[in-house]
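Below you'll find the structure, written out as structure tokens, and then a few comments.
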Amino acid sequence: MTQQEQQEFMESLEAALSWMRAVQERLKANDNTQGPRDALEGRLKETEKIHQSEHEGRVKMDMALVAAENLLQSGDEELRNHTHAKLKDLKSLWEETCTYIIHCHSRIEWVWLHWGEYLKACEEFELWLTRQQRGLDVGVELQLGVKEKLWQVDQQRVVVSDIHGQAALLERLLDEAAALHNRTQDPSVEPQAQERLQEAYNDVRDRAEERLSLLQKMAEEHQTYQGCVQRFQSWLLSKTKELTDLMEREDTAENKLKALQVLDDSVAGEEKTLQHIEGVAEAVRGNTSPSGAEVVVEEAEELRLGWHRLRQGLCETEEGLRSNLDSHSQYMARCLRLGEDIGHLRVLLQGLDQELEEGREARDRTERTEEQMVGQWRKYTGVRNTLAGEESQVELLKAQLKELFRFSEDSRHLSDDVLAVVKEHQSVKCRVTRLCSESESGLRNILQDPLLVYSQWSHMVSQVLEASAEVTDFSHIAMLVQTMERLLKDSVQLQERFSLLQVKGDLLDSVFGPERSDGLQGELSSAVRNRELLHTQLLQRKSRLQGLISRTKDFGDAAELIRSRLASHRDQLVAADGLQPDILAKKSQSDQFRVIQKDLEDCEAHIAALETLVSSSQSNRTQFERLHADWKHLHKAARVKLRESEESIADHESFHDSLLNIEKWLMIMKQKLESFHSPSGEWSTEGRQHEAERALGEFPEKELQLQQMEVQGQGVLERTSEEGRVHILRDIKRLRESWLALYNMSLNLHRMRMRLAAKGGGQGGWVGVMELVASRRHVTTRHHMTSRRSPNFKRGFEAWLSKQNELLSGILCTKGATPGAKELKIRQDTLKALKAGVAGGQEQFQLLLQESPGSEAGSGPAEDVGLEELRYRWMLYKSKLKDVGEVRKPGLLQRVCRLALLLWLLLLALLLLAFLLPLMDHGNSCSLSNNFARSFNIMLRYDGPPPT
């Protein structure tokens with residue numbers, strides 16, 4: 001057993017030792033950091049595998065230790081010692097191997113990771129270098145102005161600062177590259193590569209610094225230019241101010257000339273400064289964007305222009321001062337010459353204007369012929385050319401006036417004259433341009449008119465030739481022959497007009513221009529040839545049709561055909577005649593009448609053709625005259641029916657519009673009146689008195705419109721069939737009912753406003769009531785006079801009488817109160833209106849009495865009783881109105897008595913109060929018996945039981 005255990009131990013020991021030796025051999029083979037990065041990465045992967053297989057060695061180690069446990073428990077001392085020695089060596093070798101594995105793997109891994117970080121940082125640095133190089137390879141971007149250039153300098157300064165900040169990173173990269181080269185000896189990190197990186201960085205830095213210097217130079221140059229410009233502008237302003245002060249200073253002309261000469265010398269001496277600025281501007285322009293360069297050029301040009309203006313102002317001022325010494329004579333001579341030129345031009349303009357006025361009056365008085373229009377156009381053209389020639393004279397006047405402004409004298413009168421003559425010139429020019437344009441347009445229309453007429457004529461000829469190609473009807477043949485004769489007459493007239501137009505080549509050139517004139521003449525030549533061809537064709541076709549007519553000998557058949565047509569038209573006219581129910585039917589009837597009238601007008605040609613067949617037979621002549629008379633009578637009847645139909649349509653449409661307008665007004669007014677009626681059933685106009693007055697004031701006018709609409713409706717009913725009358729009467733009845741309902745609502749509003757007036761309402765309410773009463777009386781009287789045969793006449797009179805009674809009762813109710821002056825005036829006006837309405841009411845009552853005999857047969861005694869009751873109410877109303885009399889203003893004595901009565905009543909009230917004062921004490925005091933004296937004198941009082 002011991003021998004077997006020893007053998008197992010030795011096998012386990014040998015297996016562990018052989019694994020360790022093999023691992024150490026592999027580690028020695030890979031324990032190297034030199035070479036390229038790919039090889040290093042391969043060694044790293046190998047050491048990582050060795051590191052990952054460490055657990056395999058640990059298993060072998062544990063197996064050896066387990067096998068040694070039994071040997072260590074053996075009693076053989078030598079065996080135990082030998083086993084201990086073997087285990088000690090094994091453990092020592094294991095620890096050495098584990099340490100070697102960790103150190104080798106860690107060292108290779110650290111170098112690989114260090115190399116990777118270096119490569120990443122180096123790549124980022126190279127990318128940064130590439131970006132910087134690309135930015136520097138692009139040329140300097142030119143800027144708009146000095147502000148943008150300074151921004152560009154700041155931006156480049158930031159770039160340079162960033163490049164300098166990358167120096168530390170470059171230095172670290174170079175150190176890392178040197179360390180890596182010492183460890184790996186790889187050519188990618190050799191010193192030559194480090195030097196190339198350093199050189200690339202130095203190149204970027206130097207170029208960035210050079211660009212910064214260039215941009216700073218450009219910005220400083222632009223700043224210098226701006227400063228020069230500002231200083232020169234300030235100098236220009238100061239010198240301009242000196243010139244202004246010099247001219248405003250009160251001094252002699254000689255002293256001003258001396259000072260002006262000194263100032264001019266100083267200004268001329270600054271031309272070198274201006275030239276220097278222009279040179280700087282040229283340099284700045286080369287370093288500036290196109291837009292900025294334009295600004296720089298404009299600034300330089302503005303400086304040059306300002307300097308020139310200053311020099312020019314100095315020169316002009318000097319010339320003015322020099323000319324002032326002897327300018328009066330020159331001024332007078334120039335004024336005289338300018339006045340003569342103005343007078344000459346004004347006379348010319350007046351003559352031209354008179355010529356235009358005469359031409360216009362001649363044109364307005366008579367109808368213009370073509371020769372007159374040509375003469376007028378030539379006249380207008382001559383005037384226009386004359387005015388165009390005087391343009392230089394007008395400009396000369398302006399120049400002369402401008403020269404006069406250089407003198408110190410006042411030239412406003414000449415300026416006004418020049419302005420007036422220039423305005424007159426422009427007015428005549430505008431007028432002649434307009435007249436020339438109008439005359440030229442009219443002349444063009446006249447010259448082109450033959451061609452337009454020919455176009456219409458040729459179209460009609462083509463239609464007639466086409467229609468007459470295969471015609472067989474006699475009446476149609478005769479109508480075509482008549483049309484051809486008319487077209488042939490028009491052809492002869494066209495030939496004459498073409499002949500006249502062909503000899504007017506020069507006029508066409510003047511009016512239309514050469515190109516348009518050539519075109520018109522070409523059209524004219526073509527039209528002349530075509531007219532001759534069409535004229536020949538018309539003559540041939542006319543001869544052929546006349547031959548057909550001459551071969552037609554049957555007058556009876558033609559007459560019978562026309563008679564049958566007239567009979568057919570007569571039947572159509574009778575069938576279309578009659579009352580229609582509505583507007584659409586009436587319009588349809590009007591269209592039928594119009595068609596019949598057109599057919600009858602066409603029959604005229606047939607009758608004219610029939611006349612050519614009338615022979616010497618007296619019976620044929622008589623028959624033809626009878627047919628012609630029948631046609632005239634039928635044609636006149638058709639015209640009359642058409643006119644009556646159109647009038648009926650117009651009246652019906654007007655009636656319909658009036659009906660719709662009144663219905664719309666009734667609907668709107670109903671809404672207005674309902675707005676015064678609260679849900680509780682009360683009427684109120686609080687805060688809306690004026691609105692209520694306006695609403696009620698519309699009733700008289702609308703009632704008159706209602707009566708007019710009813711009268712208009714009667715006329716429409718007479719021209720409408722029974723079927724349509726039903727609808728019209730229904731609409732009128734509905735409108736009357738709506739009006740009556742609305743009128744009753746307005747009466748409620750009247751009563752409410754009268755009650756308010758009776759309680760002391762304002763003047764406006766009473767005035768509105770009075771005016772409405774007067775207007776209602778007048779309109780209602782007219783209504784009953786025009787419609788007294790209406791069954792509602794009696795009810796209308798009763799309503800009017802009730803209304804008058806209500807107004808009179810309102811006055812009687814307020815009669816006892818003391819009215820003010822305004823209220824009294826309102827009552828007097830109301831009484832006058834009521835009395836003025838008595839005459840109209842009496843006239844209505846008389847009309848009612850005249851109508852009563854016709855109604856007695858149908859109503860009997862009941863009607864008599866109602867009439868007598870109405871008579872009694874009318875007499876009672878008149879007697880009450882008579883008893884009221886005049887409302888007079890109270891006299892002085894009556895007013896004094898009223899005032900005294902009030903004072904006496906006040907005094908009695910005070911005495912009564914004095915007597916009642918003792919009753920306020922409820923004690924049992926005998927002093928109460930002397931209450932009268934107590935009320936006036938101070939007395940001792942005792943409140944307690946009686947002393948005895």
Point to revise | Steps toward side-chain contact (heavy atoms from CB on, under 4.5 Å) verdict (L142, M218) | key: CA-CA 10 Å; L142 300 180; M218 292 165 58; 4.3 Å; yes

Review point. Step by step, would you call Q156 with Q152 a side-chain contact (heavy atoms from CB on, under 4.5 Å)?
Key: CA-CA 6 Å; Q156 187 63 29; Q152 191 179 29; 5.8 Å; no

Practice item. Kindly determine whether L303 and E278 satisfy side-chain contact (heavy atoms from CB on, under 4.5 Å), including the steps that lead there. Key: CA-CA 9 Å; L303 290 180; E278 290 174 346; over 6 Å; no

Practice item. Take V159 and Q132, measure what side-chain contact (heavy atoms from CB on, under 4.5 Å) needs, and give me the verdict at the end. Key: CA-CA 9 Å; V159 172; Q132 296 299 327; 3.6 Å; yes

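Within a 6.0 Å sphere centred on NE2 of H308, heavy atoms belonging to other residues, nucleotides or ligands number more than 12. More than 12 non-hydrogen atoms from other residues, nucleotides or ligands lie less than 6.0 angstrom from CZ of R311. Annotation: H690, atom NE2; neighbour count of heavy atoms from other residues, nucleotides and ligands within 6.0 Å does not exceed 12. The environment of CD in Q155 is sparse: at most 12 heavy-atom neighbours from other residues, nucleotides or ligands sit within 6.0 Å. Residue-environment remark: CD (E171) stays at or below the threshold of 12 foreign heavy atoms within 6.0 Å.
A salt bridge (charged side-chain N to carboxylate O under 4.0 Å, His left out) check over residues 136-154, counting only residues at least two apart or in different chains, returns the pairs D137-R207, D154-R157.
In this structure, CD in E209 is found 8.0 Å from CD1 in I163, a value given to the nearest 0.5 Å. Here the OG atom belonging to S161 is positioned 10.5 Å from the CD atom belonging to Q166, to the nearest 0.5 angstrom. Rounding to the nearest 0.5 angstrom, the gap separating the CD atom in E124 from the CG atom in L169 is 8.5 Å. With rounding to the nearest 0.5 angstrom, the CD atom of Q233 is 7.0 Å from the CD atom of Q230. Taking CD of E199 as the reference point, atom CZ of R196 lies at 9.0 Å (rounded to 0.5 Å). Distance check, rounded to the nearest 0.5 Å: CG of L173 to CD of Q198 gives 10.5 Å.
Side-chain atoms of R231 and C228, non-hydrogen and from C-beta on, do get closer than 4.5 Å to each other. Here the side chains of L136 and Q133 are not in contact, with every heavy-atom distance at 4.5 Å or above. Between E210 and L214, every side-chain heavy-atom pair lies at or beyond the 4.5 Å cut-off. Residues H222 and N287 fail the side-chain proximity criterion, which asks for heavy atoms closer than 4.5 Å. Side chains of L260 and L243 form a contact here, defined as non-hydrogen atoms less than 4.5 Å apart. Inter-residue side-chain proximity for E123 and L119 is flagged as unmet; no heavy-atom pair is nearer than 4.5 Å. You'll find the side chain of T288 stays beyond 4.5 Å of the side chain of L144, heavy atoms only. Side-chain contact between T224 and V284: absent, with no pair of heavy atoms (C-beta onward) separated by less than 4.5 Å.
Between K120 and E117, no side-chain nitrogen of the basic residue sits less than 4.0 Å from a carboxylate oxygen of the acidic one, so the salt-bridge criterion is not met. Between R285 and E282 a salt bridge is recorded (basic side-chain N to carboxylate O distance below 4.0 Å). Under a 4.0 Å N-O distance rule, the pair R309/E302 qualifies as a salt bridge.
When atom types are taken as modelled, the side chain of T317 and the backbone of G313 share a donor-acceptor pair closer than 3.5 angstrom.
Residues passing the side-chain hydrogen bond (donor to acceptor under 3.5 Å, both in side chains) test with D162, sequence neighbours excluded: W128.
Smallest separation of non-hydrogen atoms from Y201 and H164: OH-CA, 3.7 Å. Nearest heavy-atom pair across V153 and A219 is CG2-CB, 4.0 Å. Nearest heavy-atom pair, E221 versus A283, reported as atom, atom and distance to 0.1 Å: OE2-CB, 3.3 Å.
Remark: the Q312 side chain and the E316 side chain contain an N/O donor-acceptor pair separated by less than 3.5 Å.
Ring geometry for F232 versus W235: interplanar angle of 30 to 60°, hence tilted.
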